[in-house]
Amino acid sequence: MAIWNLGSINIDHVYRLDHLPAPGETVGSVEYSLGPGGKGANQSVAAARAGAHVVHIGALAAQGDDWVLDRLQEDGVDVTHIARLPHSATGHAIILVDSAAENAIIVHAGANRRLTEQQLAGALSGIGPDDILLIQNETNLQVEAAQLARKAGARVIYSCAPFDVQAAQAMMEHVSVLAVNAHEAAQLAEAIPGDLPVPAMLITKGAEGAEYRDLQSGRAVHQKAFPVTPVDTTGAGDCFAGYFAAELDAGRDLAEALRHAAAASAIKVTRRGAVDAIPEAAEVLDFLAGQDRAG
Ligand SMILES: Nc1ncnc2c1ncn2[C@@H]1O[C@H](COP(=O)(O)OP(=O)(O)O)[C@@H](O)[C@H]1O
Ligand SMILES: [Mg+2]
């Protein structure tokens with residue numbers, strides 16, 4: 001049993017500013033921080049901290065940025081299938097945050113979107129029927145990966161984020177679970193009315209919790225969000241998806257997997273940052289025990 005993740009790896013550069021620059025304006029930064037990010041890396045770290053064996057499939061620039069791999073490895077993520085590509089930059093995001101917490105973000109996909117089919121096929125040659133493949137929209141080769149995984153009998157959980165209706169349409173027939181947040185679900189419903197041609201959907205709804213819908217049986221499992229005071233919701237959905245997959249991989253039922261994922265994301269939103277804010281399994285268990293005691 002393992003989680004495979006075809007996922008982006010970004011370096012997030014976060015600049016805190018008094019105000020966001022207007023065209024032609026230069027604004028000094030009051031604070032700067034650097035850390036690993038990208039939806040793929042976030043989901044891999046979440047699944048690994050949840051206790052799963054995680055194999056990340058992705059790419060970085062040919063040179064430098066070794067610290068990013070080190071960070072993933074510190075969490076136990078298998079980085080063997082992270083390629084180093086010449087003539088590409090490591091994916092990165094320039095995140096500007098002003099004093100009112102408004103942001104402006106530039107993302108450069110770089111190596112994340114330059115994986116080759118050969119690399120993908122080589123990496124996924126080891127996936128089996130008890131495994132889960134995670135996919136998001138920040139790499140290339142999503143459809144090819146989903147097809148390879150399904151052929152091997154694995155489950156595919158696809159997060160349609162950042163939202164892209166064409167990507168969703170291309171992926172639907174190849175996924176086991178389509179994961180979206182409420183905003184993405186509304187955009188999908190507008191673009192494609194009626195039931196979507198996927199076996200199941202995972203819909204996260206921020207402070208309203210989450211819902212797993214089995215579209216074949218019509219059964220839905222609901223999970224309330226845990227009441228916390230959020231300070232930074234960056235990566236909440238990634239934390240949820242990674243934990244959810246890891247808990248299913250560990251053999252938990254849907255209700256338990258949703259509960260653990262909701263607890264992990266509740267802890268995540270109380271902390272600043274993406275990867276760094278994702279809790280370890282022990283913290284999640286403590287949090288749930290505290291919730292049970294509180295009644
Ligand atoms: N304010 C909050 N309080 C408690 N839990 C939250 C809060 N915001 C998000 N979460 C948890 O994180 C999950 C994912 O958040 P959501 O906003 O739906 O995803 P995304 O990050 O993709 O926008 C939610 O289903 C919930 O469990
Ligand atoms: Mg949200």
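Note that ligands are numbered from 1 as they come in the structure, with each ligand's atoms numbered from 1 the same way.
Contact annotation: the side chain of V27 never approaches that of Y15 to less than 4.5 Å [non-hydrogen atoms, C-beta and beyond].
Comment: R155 does not engage D249 in a salt bridge, judged by the lack of any side-chain N to carboxylate O separation of less than 4.0 angstrom. The pair R49-D238 does not count as a salt bridge, with every side-chain nitrogen at least 4.0 angstrom from each carboxylate oxygen. Remark: D65 does not engage R84 in a salt bridge, criterion side-chain N to carboxylate O under 4.0 Å.
Among all heavy-atom pairs drawn from A191 and V165, the shortest one is CB-CG2, 3.4 Å. The nearest pair of heavy atoms linking F287 to A263 is CD2-CB, 3.7 Å.
In the vicinity of V228, heavy-atom distances shorter than 4.0 Å reach the ligand 1 atoms 3 (N), 4 (C). Every atom of ligand 1 with a heavy atom of F226 under 4.0 Å away is listed here by number and element: 3 (N), 4 (C). Residue K205 approaches ligand 1 through these ligand atoms, each under 4.0 Å from one of its heavy atoms: 18 (O), 25 (O).
The shortest N or O to N or O distance between V269 and ligand 1 is not below 3.5 Å. Checking only distances, T204 does come within under 3.5 Å of ligand 1, N or O to N or O. Every N/O-N/O distance between A210 and ligand 1 stays at or above 3.5 Å.
When hydrogens are left out, the protein atom nearest atom 15 (O) of ligand 1 is A236 CB, 3.7 Å; that is the closest non-hydrogen contact. Counting protein heavy atoms only, atom 5 (N) of ligand 1 is closest to A225 CB, 3.8 Å. Of all protein heavy atoms, the one closest to atom 13 (C) of ligand 1 is F240 CD1, 3.7 Å.
To the nearest 0.5 Å, the span separating CG on N5 from NE2 on H81 amounts to 13.0 Å.
The proximity of H183 to ligand 1, defined as any non-hydrogen pair under 4.0 Å, does not occur for either the backbone or the side chain.
Relative to atom 21 (O) of ligand 1, the option among G206, G237, A185, P230 with the closest non-hydrogen atom is G237.
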